[in-house]
A.B. asks: 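If you scroll down you'll find the structure; I have some questions about it.
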Amino acid sequence: MSEETKALNFIEHIIEEDLANGLPKEKLRFRFPPEPNGYLHIGHTKAIGISFGLGEKYNAPVNLRFDDTNPSKEEQEYVDAIKRDIAWLGYKWENELYSSDYFQTLYDWAVQMIKDGKAYVDSQSSEAMAEQKGTPTQVGTNSPYRDRSVEENLDLFQRMKAGEFPAGTHVLRAKIDMEDPNMLMRDPIMYRIMYAHHHRTKDDWCIYPMYDWTHGESDYLEQISHSLCSLEFKPHRKLYDWFRDHVYEYSKDELPLAPKQREFARLNLSYTIMSKRKLLRLVEEGIVSGWDDPRMPTISGLRRRGYTPNSIRQFIKKVGVAKRENVIDVSLLEFCVREDLNKSANRVMAVLDPLKVVITNYPEDKEEWLEAENNQEDEAAGFRKVPFSREIYIEKDDFKEEAGSKFFRLKLGGEVRLKNAYIIKANSVVKDDHGNILEVHCTYDEDTSKKVKGTLHWVSVKHAITAEVREYDRLFMHESPDGDKDKDFMDYLNPNSLTIKTGYLEPSLAEAKVGEQFQFQRIGYFNVDNDSTPEKLVFNKTVGLRDSWEKQKPKPQTNQNQNKPKQQQQKRSAISVIQQLGKKYTNLPEEKQLKSKAEIQELAKEVSYDDLEPLFGTAVKKAGTRIATLIALKELLKNGLERNDAINEFIEKAKEDKNEILVAEATDL
């Protein structure tokens, strides 16, 4: 088996087999068929990516078809939002189509099925029909109206269409088998009476086709070669084929290609709701501000929060195409946007929890405009000027009066480097009557060649601009918020999913435009929200620089004995955990590698250069340990560690290695 064949997913294998068995390549045609009853969410991106990805791979057309058969729940607003989202993701459809385009043809085929004795009008109540349907272990029973004559059925169906009967009095059912083990085959409903205004056909119809009747026949009319859908539709495949085979006999000369349905595992994401009905409830009950609230898993919400099309497409690529359901950790999605924005987002300085620093030996009337690199990952990004003055803001968490040797930020008597500026030393503090620190008084040193371990971001007080900063957390506190049938998913809402702060920003951001993305150094990635105006800037936090959720979430408790602390057990040092993670790194699948990488990045906060340097001499065959060392080293360099000959030699040696992951990590440095 060639490497190329191995790389194919199971759907591509099906297509390749069909092509090998005589299906002309020019007959390949795919579709994405959303119902316009809500906004698309992250779960839909898998189906979008599969169908449009196959279109790109095989240079085949992909239709965007709206399955608009339920006017009571569908709106033009949703149609417009779906088109906008798919285009934003970077996909192009061949034709924009609607199932409502086919209402007349579907009706004509239904009439033909009545004539062939394959459909009948049932006049029972919905409750009676449900009772006769049986159960998975008990066969159903026939309707008393099942043996109506063809003439009576035709008359009733035509009068249903003419609007002569109230809603609920009659339905058209397919005549299949009430004893079929597949309950979907027990005389399914094809049409119901519904007096509702349709967003396209207006009031032309008062009977509307059911999804199972409409969907496959729309595929057939469009000559779709492969009808791809998620696993919950697998039981529907038998009915799909039954309807298809009947209409094929009516139109095979004009429409020679009979489509085939195949199913893939849908995308399930931890800490996320994927039901449009439940998402609508969040909107209607005011839990969120709308479908595009940045906490929502909708594509509109993700776009507003600052996610990029490329990050979502990369996420779908990493998830892959599978036959079995599984739950993907939302941290993988966050990793993808973090990686993408790392390459493209310009770095700026912003302080969200300010503490004033007064540099006592810096002249009061002096100011300087210092050069700052916009993005070290992008040489073309260039440089900008940032103002420096006697009084600056730093983050409150970046200062302690007293701290241990592992605290690499500012403390009394200690020195830190100010990003793009000078080295400062904390000498004293000013407190209020309650002992709260109001100011830190420092002195600065123009000799920036000195080696200090910490680097802080800052903003000049007199030049700072203010902005509203919206920090978002996960909307739900439970990994599977709708997984417990005995609890309402709303019980798991995170009360701290939105925090609003006033941020103090460097003045270069005064002209920031809606949608622009930045890295607030040492904090995370942010973008300018739709609510922003020139008079009042509003930023959304897209994602932090690291995954902090894994560290916060409570670990499951299985029994009381496990909860008791072990007296003799000591906490392992961060550097030994990094070594342990490195040993297994190269043997892990990609998703687990990403989680290990995030864990190493977090642990790197607790190690010093002295801890890490001995690992530079790790044996060549221990590639995983060297990868872990590089990941940790990068974090130390980000936080102000100065490069030296030993570091440079270690990096250069890694670049020449045979292990691709090691080379990639070294090249990134």
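Side chains included, hydrogens not; waters and symmetry mates left out as well; all remaining heavy atoms used. Because the structure is predicted, anything quoted here is derived from the model rather than measured. Numbering starts at 1 and runs along the sequence shown.
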A.B. asks: Applying ring-ring contact (aromatic ring centres under 6.0 Å, His included), can you list everything that pairs with Phe539, at least two apart in sequence or on another chain?
C.D. replies: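 Partners of Phe539 by the ring-ring contact (aromatic ring centres under 6.0 Å, His included) criterion, ordered by chain and then number, come out as Phe520.
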A.B. asks: side-chain contact (heavy atoms from CB on, under 4.5 Å), that's the test. Do Asn420 and Glu373 meet it? Break it down for me.
C.D. replies: CA-CA 8 Å; Asn420 307 309; Glu373 190 175 15; 5.6 Å; no
A.B. asks: For Trp458 versus Lys419, what's the shortest heavy-atom pair and its separation?
C.D. replies: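 Shortest heavy-atom contact: NE1-O, 2.7 Å.
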A.B. asks: Once you round to the nearest 0.5 Å, how far does CD of Glu606 lie from CD of Glu635?
C.D. replies: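 Spacing of CD (Glu606) from CD (Glu635) equals 13.0 Å.
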A.B. asks: Could you please spell out the steps behind the side-chain contact (heavy atoms from CB on, under 4.5 Å) verdict for Met490 and Leu493?
C.D. replies: CA-CA 5 Å; Met490 300 281 265; Leu493 282 167; 4.1 Å; yes
A.B. asks: So, are Lys462 and Glu367 salt-bridged, with charged N and O less than 4.0 Å apart?
C.D. replies: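 Yes, this pair counts.
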A.B. asks: Looking only at heavy atoms, which two atoms of Gly306 and Thr542 are closest? And how far apart?
C.D. replies: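 Nearest pair, atom of Gly306 first, then Thr542: CA-OG1, 3.5 Å.
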A.B. asks: Give the minimum heavy-atom separation between Leu370 and Ala421, together with the two atoms involved.
C.D. replies: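 Shortest heavy-atom contact: CD1-CB, 3.6 Å.
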A.B. asks: Please determine if Arg470 forms a cation-pi arrangement with Phe526, meaning its NZ or CZ atom is less than 6.0 Å from the six-membered ring centre and no more than 45° off the ring axis.
C.D. replies: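 Here Arg470 fails the 6.0 Å and 45° test against Phe526.
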A.B. asks: Would Ser389 and Ser460 count as having a side-chain donor-acceptor pair, cut-off 3.5 Å?
C.D. replies: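 Present: a donor and an acceptor within the cut-off.
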A.B. asks: Is any side-chain N of the basic residue among Glu395 and Arg409 closer than 4.0 Å to the acidic one's carboxylate O?
C.D. replies: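 No, no charged N to carboxylate O under 4.0 Å.
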A.B. asks: For atom CD of Glu368, is the number of surrounding heavy atoms from other residues, nucleotides or ligands below 6.0 Å larger than 12?
C.D. replies: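 Check passes, neighbour count above 12.
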A.B. asks: Does Arg390 use its side chain to pair, donor to acceptor, with the backbone of Lys366 at less than 3.5 Å?
C.D. replies: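 It does not hold such a pair.
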A.B. asks: For a 4.5 angstrom cut-off between non-hydrogen side-chain atoms, does Asn346 reach Gln519?
C.D. replies: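 When only atoms from C-beta onward are counted, Gln519 and Asn346 do not touch, as no gap falls below 4.5 Å.
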A.B. asks: Give a yes or no answer on whether the side chain of Ser532 reaches the backbone of Val528 with a donor-acceptor pair at less than 3.5 Å.
C.D. replies: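 Side chain of Ser532 to backbone of Val528, a donor-acceptor pair under 3.5 Å: no, none is there.
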A.B. asks: Can you pull the ring pair (Phe, Tyr, Trp, His ring centres under 6.0 Å) pairs that have at least one residue in residues 356-381, sequence neighbours excluded?
C.D. replies: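 Residue pairs passing ring pair (Phe, Tyr, Trp, His ring centres under 6.0 Å), neighbours aside: Tyr362-Phe388, Tyr362-Tyr444, Trp369-His463.
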A.B. asks: Side chain to side chain donor-acceptor pair (under 3.5 Å) between Asp473 and Asn496: does it pass, once the steps are laid out?
C.D. replies: CA-CA 7 Å; Asp473 203 344; Asn496 301 313; over 6 Å; no
A.B. asks: For the pair Ile299 and Ile42, evaluate side-chain contact (heavy atoms from CB on, under 4.5 Å) and give the outcome as yes or no after the intermediate values.
C.D. replies: CA-CA 6 Å; Ile299 297 175; Ile42 187 66; over 6 Å; no
A.B. asks: Rounded to the nearest 0.5 Å, how far does CG of Leu438 lie from NZ of Lys356?
C.D. replies: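 It is 9.5 Å, given to the nearest 0.5 Å.
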A.B. asks: Does Trp291 reach the main-chain N or O of Val283 with its side chain, forming a donor-acceptor pair under 3.5 Å?
C.D. replies: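 Judged by distance alone, no pair lies under 3.5 Å.
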A.B. asks: Grab the two heavy atoms, one from Val351 and one from Ile394, that are nearest each other, plus how far apart they are.
C.D. replies: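 Between these two residues, the closest heavy atoms are CG1-O, 3.5 Å.
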A.B. asks: I'd like to know whether Arg305 forms a side chain to side chain donor-acceptor pair (under 3.5 Å) with Asn540, so could you lay out the CA-CA distance, the side-chain angles of the two residues, the decisive distance to 0.1 Å, and finally the verdict.
C.D. replies: CA-CA 6 Å; Arg305 185 159 172 173; Asn540 295 325; over 6 Å; no
A.B. asks: Any carboxylate oxygen within less than 4.0 angstrom of a Lys/Arg side-chain nitrogen, looking at Glu401 and Lys431?
C.D. replies: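 Yes, charged N to carboxylate O under 4.0 Å.
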A.B. asks: Under 4.5 Å between any side-chain heavy atoms of Arg281 and Ile287, yes or no?
C.D. replies: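 SC-SC contact between Arg281 and Ile287 ruled out.
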A.B. asks: With side chains defined as the heavy atoms from C-beta onward, is the minimum distance between Leu505 and Ile465 less than 4.5 Å?
C.D. replies: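 A side-chain contact exists here, since the closest heavy-atom pair is under 4.5 Å.
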A.B. asks: Find the distance between SG (Cys442) and CD1 (Ile359) and round it off to the nearest 0.5 Å.
C.D. replies: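 Answer for the SG-CD1 pair, Cys442 versus Ile359, is 7.0 Å.
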A.B. asks: Check step by step if side-chain contact (heavy atoms from CB on, under 4.5 Å) holds for Glu665 and Leu662.
C.D. replies: CA-CA 5 Å; Glu665 290 292 346; Leu662 182 63; 5.6 Å; no
A.B. asks: Does the side chain of His441 come within less than 4.5 Å of Val429's, by heavy atoms?
C.D. replies: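 No, side chains not in contact.
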A.B. asks: Tell me if a side-chain donor or acceptor on Asn374 pairs with a main-chain N or O of Ala381 at a distance below 3.5 Å.
C.D. replies: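 Flag set: sc Asn374 to bb Ala381 pair under 3.5 Å.
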A.B. asks: Thr308 and Asn310: side-chain donor and acceptor closer than 3.5 Å?
C.D. replies: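 No, no side-chain donor-acceptor pair sits under 3.5 Å.
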A.B. asks: Using a 4.5 Å cut-off on heavy atoms from C-beta on, say whether the side chain of Leu40 contacts that of Thr298.
C.D. replies: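 Result no, sub-4.5 Å side-chain heavy-atom pair not found.
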A.B. asks: Less than 4.0 Å between a side-chain N and a carboxylate O, is that true for Asp445 and Lys450?
C.D. replies: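 Here Lys450 pairs with Asp445 in a salt bridge, since their nearest N and O are under 4.0 Å apart.
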A.B. asks: Working to the nearest 0.5 angstrom, can you tell me the gap between Glu334 CD and Ser311 OG?
C.D. replies: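 Reported value, rounded in 0.5 Å steps: 11.0 Å.
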A.B. asks: Output yes when Lys451 and Glu415 qualify as a salt bridge under the 4.0 Å nitrogen-oxygen rule, no when they do not.
C.D. replies: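 No, no charged N to carboxylate O under 4.0 Å.
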A.B. asks: Assess whether side chain to side chain donor-acceptor pair (under 3.5 Å) is satisfied between Asp611 and Ser608, documenting all intermediate values.
C.D. replies: CA-CA 5 Å; Asp611 295 327; Ser608 66; 3.2 Å; yes
A.B. asks: What heavy-atom pair brings Tyr525 and Arg347 nearest, and what distance separates the two atoms?
C.D. replies: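 Closest heavy-atom pair between Tyr525 and Arg347: OH-NH2, 4.4 Å.
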A.B. asks: If the threshold is 4.0 Å, N to carboxylate O, is there a salt bridge linking Asp531 and Arg304?
C.D. replies: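 Counted as a salt bridge, because a side-chain N and a carboxylate O are separated by less than 4.0 Å.
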A.B. asks: What do the steps show when you test Ser300 against Asp85 for side chain to side chain donor-acceptor pair (under 3.5 Å), and what is the final call?
C.D. replies: CA-CA 7 Å; Ser300 297; Asp85 289 344; 3.3 Å; yes
A.B. asks: May I ask you to decide if Met274's main-chain N or O and His41's side chain share a donor-acceptor pair within less than 3.5 Å?
C.D. replies: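 Yes; at least one donor-acceptor contact below 3.5 Å.
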A.B. asks: Side-chain contact test, heavy atoms from C-beta onward, threshold under 4.5 Å: evaluate it for Val416 versus Thr455 and give yes or no.
C.D. replies: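 Contact flag for Val416/Thr455 side chains = no.
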A.B. asks: Whether the side chain of Glu516 engages the backbone of Lys513 through a donor-acceptor N/O pair (distance < 3.5 Å, no angle test) should be reported.
C.D. replies: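 Confirmed, Glu516 side chain pairs with Lys513 backbone.
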A.B. asks: Quick test of your reading of the model: are Glu468 and Lys536 salt-bridged, counting only N-O distances below 4.0 Å?
C.D. replies: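 So Glu468 pairs with Lys536 through a salt bridge.
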A.B. asks: What is the ring orientation for Tyr492 with His478, classed by angle as parallel under 30°, tilted 30 to 60°, or perpendicular over 60°?
C.D. replies: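 Correct class here is tilted.
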A.B. asks: Is there a donor-acceptor contact under 3.5 Å linking the side chains of Gln517 and Tyr307?
C.D. replies: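 The criterion, which ignores hydrogens and geometry beyond distance, is not satisfied for Tyr307 and Gln517.
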A.B. asks: Main chain of Val461, side chain of Glu391: is a donor-acceptor contact present, judged purely on distance under 3.5 Å?
C.D. replies: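 No; judged by distance alone, with no hydrogens or angles, the pair does not exist.
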A.B. asks: Could you tell me whether a side-chain N or O of Asp432 sits under 3.5 Å from a main-chain N or O of Gly435, the two making a donor and an acceptor?
C.D. replies: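 Here the side-chain-to-backbone pair exists.
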A.B. asks: Does this structure show an ion pair linking Glu656 with Lys653, if we count only N-O contacts that are shorter than 4.0 Å?
C.D. replies: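 Salt bridge: no.
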A.B. asks: Compare all side-chain heavy atoms of Leu633 with those of Ile647 and state whether any distance is below 4.5 angstrom.
C.D. replies: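 In short, these two side chains touch, coming nearer than 4.5 Å.
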A.B. asks: Taking the side chain as C-beta and beyond, is there a heavy-atom pair between Lys318 and Leu594 under 4.5 Å?
C.D. replies: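 Touching, per the 4.5 Å side-chain cut-off.
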A.B. asks: Check whether Arg474 reaches the backbone of Val330 with its side chain - one donor and one acceptor, N or O, closer than 3.5 Å.
C.D. replies: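 Judged by distance alone, no pair lies under 3.5 Å.
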A.B. asks: Count the heavy atoms of every other residue, nucleotide or ligand shown that sit under 6.0 Å from CD of Glu660, and state whether that count exceeds 12.
C.D. replies: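 Open: at most 12 neighbouring heavy atoms sit under 6.0 Å from CD of Glu660.
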A.B. asks: Is the shortest side-chain N to carboxylate O distance from Lys501 to Asp353 below 4.0 Å?
C.D. replies: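 The answer is no: the pair does not qualify as a salt bridge.
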A.B. asks: If you take the centroid of each ring, where Trp contributes its six-membered ring, are Tyr393 and Tyr504 closer together than 6.0 Å?
C.D. replies: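 Centroid distance Tyr504-Tyr393: below 6.0 Å, so yes.
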A.B. asks: Donor-acceptor check, side chain of Asn648 to backbone of Asn644, threshold 3.5 angstrom: yes or no?
C.D. replies: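 Yes: the side chain of Asn648 pairs with the backbone of Asn644.
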A.B. asks: Heavy atoms only: give me the nearest Ile423-Thr448 pair and the separation to one decimal.
C.D. replies: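 Nearest heavy atoms, Ile423 then Thr448: CD1-CA, 4.1 Å.
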